[in-house]
Structures are given as structure tokens and as C-alpha cells.
2 protein chains.
Amino acid sequence: MSTQTQSEWAEHALAALADAGYRRGGARTAVVEALAEHDCAVTALDLDEELRRRKPAVGRASVYRALEQLEQLGLVQRIEVCRGTAGFERIDPTGHHHHHAICRDCGKMVPFEDQSLEKALAQVAGTMPFDVTEHDVVLRGRCEHCAR
Amino acid sequence: MSTQTQSEWAEHALAALADAGYRRGGARTAVVEALAEHDCAVTALDLDEELRRRKPAVGRASVYRALEQLEQLGLVQRIEVCRGTAGFERIDPTGHHHHHAICRDCGKMVPFEDQSLEKALAQVAGTMPFDVTEHDVVLRGRCEHCAR
DNA sequence: ACGCTTTTGAGAATCGTTCTCGTTACCCGA
DNA sequence: TCGGGTAACGAGAACGATTCTCAAAAGCGT
């Protein structure tokens with residue numbers, strides 16, 4: 001079922017890219033497929049390393065380009081994982097999403113979701129003199145392992 | 001009154017640094033004073049530029065060092081302002097704090113605070129297998145000026 | 001004032017990300 | 001089906017923010 005969701009996202013993303021007028025391209029498709037296989041945020045460099053080994057190797061620039069386009073179309077979300085490194089993860093087209101708690105010591109990332117948090121965020125967004133399109137929420141601290 | 005709060009924070013921060021065993025140092029003190037004068041997040045490079053002009057010029061390395069130490073002691077919070085640049089702002093010892101909405105086009109930053117958001121965050125934090133010490137919330141979108 | 005340590009500043013090094021540019025691959029129309 | 005125009009690509013250079021290195025210059029307890 002998880003696999004199902006993943007391939008659904010890949011199809012959705014590729015369709016959205018086509019609708020946006022992008023041509024089909026091997027590198028971009030590879031990035032979409034790689035993202036589809038990750039359930040939580042990955043860094044661009046991790047993706048790069050992963051894709052560099054492919055049959056026709058994918059270049060770093062293509063990875064970043066694809067990620068930027070995907071972000072632009074609202075297909076992936078970028079979050080700050082740690083000190084100047086971005087993590088990327090696919091956005092469920094239903095709008096259903098989660099946030100993260102990140103350990104300041106080991107970098108471990110734990111996803112969570114909370115309805116009342118979303119409600120509070122939506123409400124605040126409505127009162128701002130801003131056209132808010134997305135939000136970042138990150139809890140920081142120490143994971144159970146690093147806490148002692 | 002705002003000035004009052006600022007100098008109070010500076011005193012508080014300097015005392016905390018002393019308690020932590022740090023010696024008095026001109027550069028670090030300058031960073032604390034500069035932070036005290038900003039009501040919202042500043043980037044390290046902005047601080048650097050600001051402090052380079054001082055009587056005894058403060059070096060970039062010292063600015064970053066001081067910020068790291070202050071963050072470590074829970075005296076300043078670091079937030080991702082945009083693409084790989086961090087913003088820093090003082091943390092009120094009473095725990096009272098705000099979050100930010102950031103324009104993706106012009107970078108304009110608008111602070112806000114919301115009680116029910118804080119409540120939801122605190123509640124979620126309690127359910128995580130994490131010792132959560134702080135949280136980042138950033139609303140992203142376009143400001144009223146860039147929106148049209 | 002002395003001596004041991006911490007702090008400091010200038011510049012080099014690092015790391016993630018973005019840009020450049022010559023080449024390759026797609027897609028539309030003839 | 002066969003171009004031709006244009007988007008996509010990969011390699012490496014460039015860039016900006018941050019961190020590291022190291023010798024010189026203060027702190028602070030004695």
C-alpha cells in the first residue's frame with residue numbers, strides 16, 4: 001500500500017510536470033522516481049549520490065534543477081534539515097502532510113502529524129497580510145537516544 | 001520600554017555566558033549588544049558587517065563563534081531565513097516569543113504570535129519520543145506587495 | 001605583574017547550492 | 001518520417017554562507 005501511494009505520487013508528479021509544459025527528460029524522471037521511494041525528507045546530495053550510479057548518470061545540476069521545478073509546482077516541500085542543508089520530500093496531492101522533530105545531536109528525524117496544529121496554522125495564516133502557500137514546522141531537541 | 005527589554009536581555013545573556021564559564025571578551029560582548037538592538041532576526045553576515053566598523057573591529061569568525069555559543073545556551077534562536085542563510089534573534093528569558101512569515105519573493109519578514117498555535121505545539125511536543133527544547137515555525141508565501 | 005588559557009581576527013578551507021556552456025534529446029510541424 | 005528549434009542535460013567552475021587554522025592579544029587567578 002505504501003508502494004502504491006509512492007507510484008501514485010510519481011505519476012501525479014510527472015503528469016503535473018507535463019501539464020506545466022515541461023518536456024520529458026531522463027534526469028528529471030529519475031529524480032521523481034527517487035523521491036517517490038523516500039517516505040521522509042532526503043537531501044539533494046543524497047539524491048545526487050543515489051542517481052549518479054544510474055545507467056545514464058544524472059548530474060548534480062539536474063538534481064537541483066528538478067527539485068526546484070518540483071518545489072515550484074508544489075510537488076515537493078523543502079525543509080531545513082540542519083545547518084544550511086535542505087531536505088526534500090514529496091507532497092501528497094490530497095494536502096495531507098506531516099512535520100518533523102529533528103535531533104540536534106544525531107540528526108535523527110521523526111515525522112508527526114497533528115490536526116489541531118494544522119488548524120491553528122491555517123487560522124493564523126488567514127490573519128496575515130500574506131498569501132501563505134506553505135508552512136514549515138520543525139521541533140528541535142534531543143531524541144530519546146541522545147537525551148540521556 | 002523596548003529599549004529596557006533589550007538591555008535586560010543583554011545583561012541576562014552576559015550573565016548566562018559568565019555562569020557558563022566563558023571569560024569576558026570584547027567581540028562576544030559586541031555581538032550580544034548588537035543582537036540586543038534587533039527586534040527581529042538578523043543574519044550573521046549583517047551582524048558581521050555591522051560590527052566590522054567598530055572601534056576594535058570584530059572578525060567574522062568571532063561573530064559566528066559567539067552566535068553558536070549563544071544558541072547553545074538557549075539565548076538566541078536560529079531560523080532559516082532563506083536558501084541556506086540563517087537568521088538569529090534573541091530569546092526572551094520569559095519564554096515569550098514569536099514566529100515569522102517570510103515572503104518568497106522579496107524576503108520580507110513579518111513576525112506574529114498566536115496562543116493557540118503555541119498550545120498545539122506544546123501538546124504535540126509532549127507526545128513525541130523527544131526532549132523538545134524549541135520549535136521553528138515559518139509561514140512562506142508572498143507578502144501583500146509581491147502578491148499581485 | 002606573571003603565566004596559563006581563552007579569545008580573537010585574518011585568511012584559507014569547506015560545503016551546499018547555483019551558474020555556465022557546449023552537447024544531447026525531445027517534440028512539433030512539414 | 002525527417003528536420004529544426006528549443007528544452008534538458010552533465011561536467012565543472014563559480015558563489016555565498018559558514019567553519020577551520022593559527023599566531024597574536026587579551027582575561028583572570030595567583
Side-chain angles (χ1 to χ4, degrees), chain A residues 13-34 41-73 76-88 104 107, chain B residues 13-34 41-73 76 78-88 102 104 107:
Chain A
L14 291 173
L17 284 165
D19 284 353
Y22 288 108
R23 292 185 183 172
R24 274 187 83 235
R28 190 157 43 220
T29 303
V31 170
V32 169
E33 288 170 354
V42 225
T43 68
L45 289 174
D46 284 345
L47 281 178
D48 178 47
E49 195 187 346
E50 209 171 288
L51 295 176
R52 173 161 315 180
R53 304 201 195 92
R54 283 225 165 180
K55 358 180 183 179
V58 174
R60 215 177 325 150
S62 301
V63 172
Y64 279 101
R65 255 188 306 245
L67 287 172
E68 185 178 340
Q69 294 160 346
L70 288 166
E71 189 193 5
Q72 210 64 229
L73 294 176
V76 309
Q77 165 141 29
R78 162 198 226 106
I79 66 171
E80 190 199 19
V81 180
C82 73
R83 301 294 165 96
T85 343
F88 298 84
R104 73 167 57 161
Chain B
L14 291 173
L17 285 166
D19 283 353
Y22 289 107
R23 291 184 183 172
R24 273 188 80 226
R28 188 157 44 219
T29 302
V31 170
V32 169
E33 287 170 355
V42 225
T43 68
L45 289 174
D46 283 345
L47 281 178
D48 177 48
E49 194 187 346
E50 209 170 288
L51 295 176
R52 176 161 313 181
R53 303 200 196 94
R54 283 223 166 183
K55 355 175 185 182
V58 175
R60 215 177 324 150
S62 301
V63 173
Y64 280 101
R65 257 189 305 246
L67 288 172
E68 185 177 340
Q69 296 161 344
L70 289 166
E71 189 193 7
Q72 211 63 229
L73 293 176
V76 309
R78 160 195 227 111
I79 67 171
E80 190 198 19
V81 180
C82 74
R83 301 292 164 99
T85 341
F88 298 84
I102 301 179
R104 74 166 56 160

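Quick note: numbers below take in every heavy atom, side chains included, and nothing from hydrogens, waters or symmetry partners. Protein chains get the first letters and strands the later ones, always in sequence-line order, with residue 1 at the start of each.
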*Asks:* Any side-chain heavy atom of Leu73(B) sitting closer than 4.5 Å to one from Tyr22(B)?
*Replies:*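 A side-chain contact exists here, since the closest heavy-atom pair is under 4.5 Å.
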
*Asks:* Does Asp48(A) form a side chain to side chain contact (heavy atoms under 4.5 Å, CB included) with Thr43(A)? I'd like the steps, not just the answer.
*Replies:* CA-CA 9 Å; Asp48(A) 178 47; Thr43(A) 68; over 6 Å; no

*Asks:* Are any side-chain N or O atoms of Arg28(A) and backbone N or O atoms of Arg23(A), one a donor and one an acceptor, separated by less than 3.5 Å?
*Replies:*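 Checked: pair present.
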
*Asks:* Anything under 4.0 Å to a heavy atom of chain A counts; send over the first and last such nucleotide of DNA chain D, read 5' to 3'.
*Replies:*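 Contact span on the strand: dG5(D) to dT19(D).
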
*Asks:* Return the CD to CD distance between Glu33(B) and Glu50(B), rounded to the nearest 0.5 Å.
*Replies:*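 Between atom CD of Glu33(B) and atom CD of Glu50(B) there are 11.5 Å.
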
*Asks:* Looking at five pairs on each end of the helix from dA1(C)-dT30(D) to dA30(C)-dT1(D), what is the angle between the two axes, given to 10 degrees?
*Replies:*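 The two end axes of the helix from dA1(C)-dT30(D) to dA30(C)-dT1(D) meet at 40°.
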
*Asks:* For a quick check, tell me whether the side chain of Arg83(B) and the base of dT17(C) share a donor-acceptor pair closer than 3.5 Å.
*Replies:*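 Absent.
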
*Asks:* Is there a side-chain contact between Arg52(B) and Arg60(B) in this structure, where contact means two heavy atoms from C-beta onward sitting under 4.5 Å apart?
*Replies:*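 Yes, at least one pair of side-chain atoms sits under 4.5 Å.
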
*Asks:* Assign each of Gly84(B) and Arg23(B) to its nearest nucleotide of DNA chain C by heavy atoms, then name whichever residue's nucleotide is nearer the 5' end.
*Replies:*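 This one resolves to Arg23(B).
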
*Asks:* Judged by each residue's nearest nucleotide on DNA chain D, which is more toward the 5′ side, Ala86(B) or Gly25(A)?
*Replies:*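 This one resolves to Gly25(A).
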
*Asks:* Check whether any side-chain heavy atom of Arg104(A) sits under 4.5 Å from a side-chain heavy atom of Glu71(B), and report yes or no.
*Replies:*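 Heavy-atom side-chain distance check fails, nothing below 4.5 Å.
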
*Asks:* For DNA chain D, whose closest nucleotide is more 5', that of Leu45(B) or that of Arg24(B)?
*Replies:*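 Looking at the nearest nucleotide for each, Leu45(B) comes out on the 5' side.
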
*Asks:* May I ask you to list the residues of residues 59-66 of chain A, by number, that have any heavy atom positioned under 4.0 Å from an atom of DNA chain D?
*Replies:*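 The stretch gives Gly59(A), Arg60(A), Ala61(A), Ser62(A), Arg65(A) as the residues lying under 4.0 Å from the strand, ordered by number.
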
*Asks:* Treating Arg24(A) as the side-chain partner and Leu14(A) as the backbone partner, does any N or O pair qualify as donor plus acceptor under 3.5 Å?
*Replies:*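 Between the backbone of Leu14(A) and the side chain of Arg24(A) there is no qualifying donor-acceptor contact (under 3.5 Å).
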
*Asks:* Please name the residue in the list Leu51(A), Asp46(A), Leu45(A) that meets the side-chain contact (heavy atoms from CB on, under 4.5 Å) test with Val63(A).
*Replies:*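 It is Leu51(A), the one option of Leu51(A), Asp46(A), Leu45(A) that forms the side-chain contact (heavy atoms from CB on, under 4.5 Å) with Val63(A).
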
*Asks:* Does Arg28(B) place a side-chain N or O at less than 4.0 Å from the phosphate oxygens OP1/OP2 of dT7(C)?
*Replies:*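 Yes, such a contact exists.
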
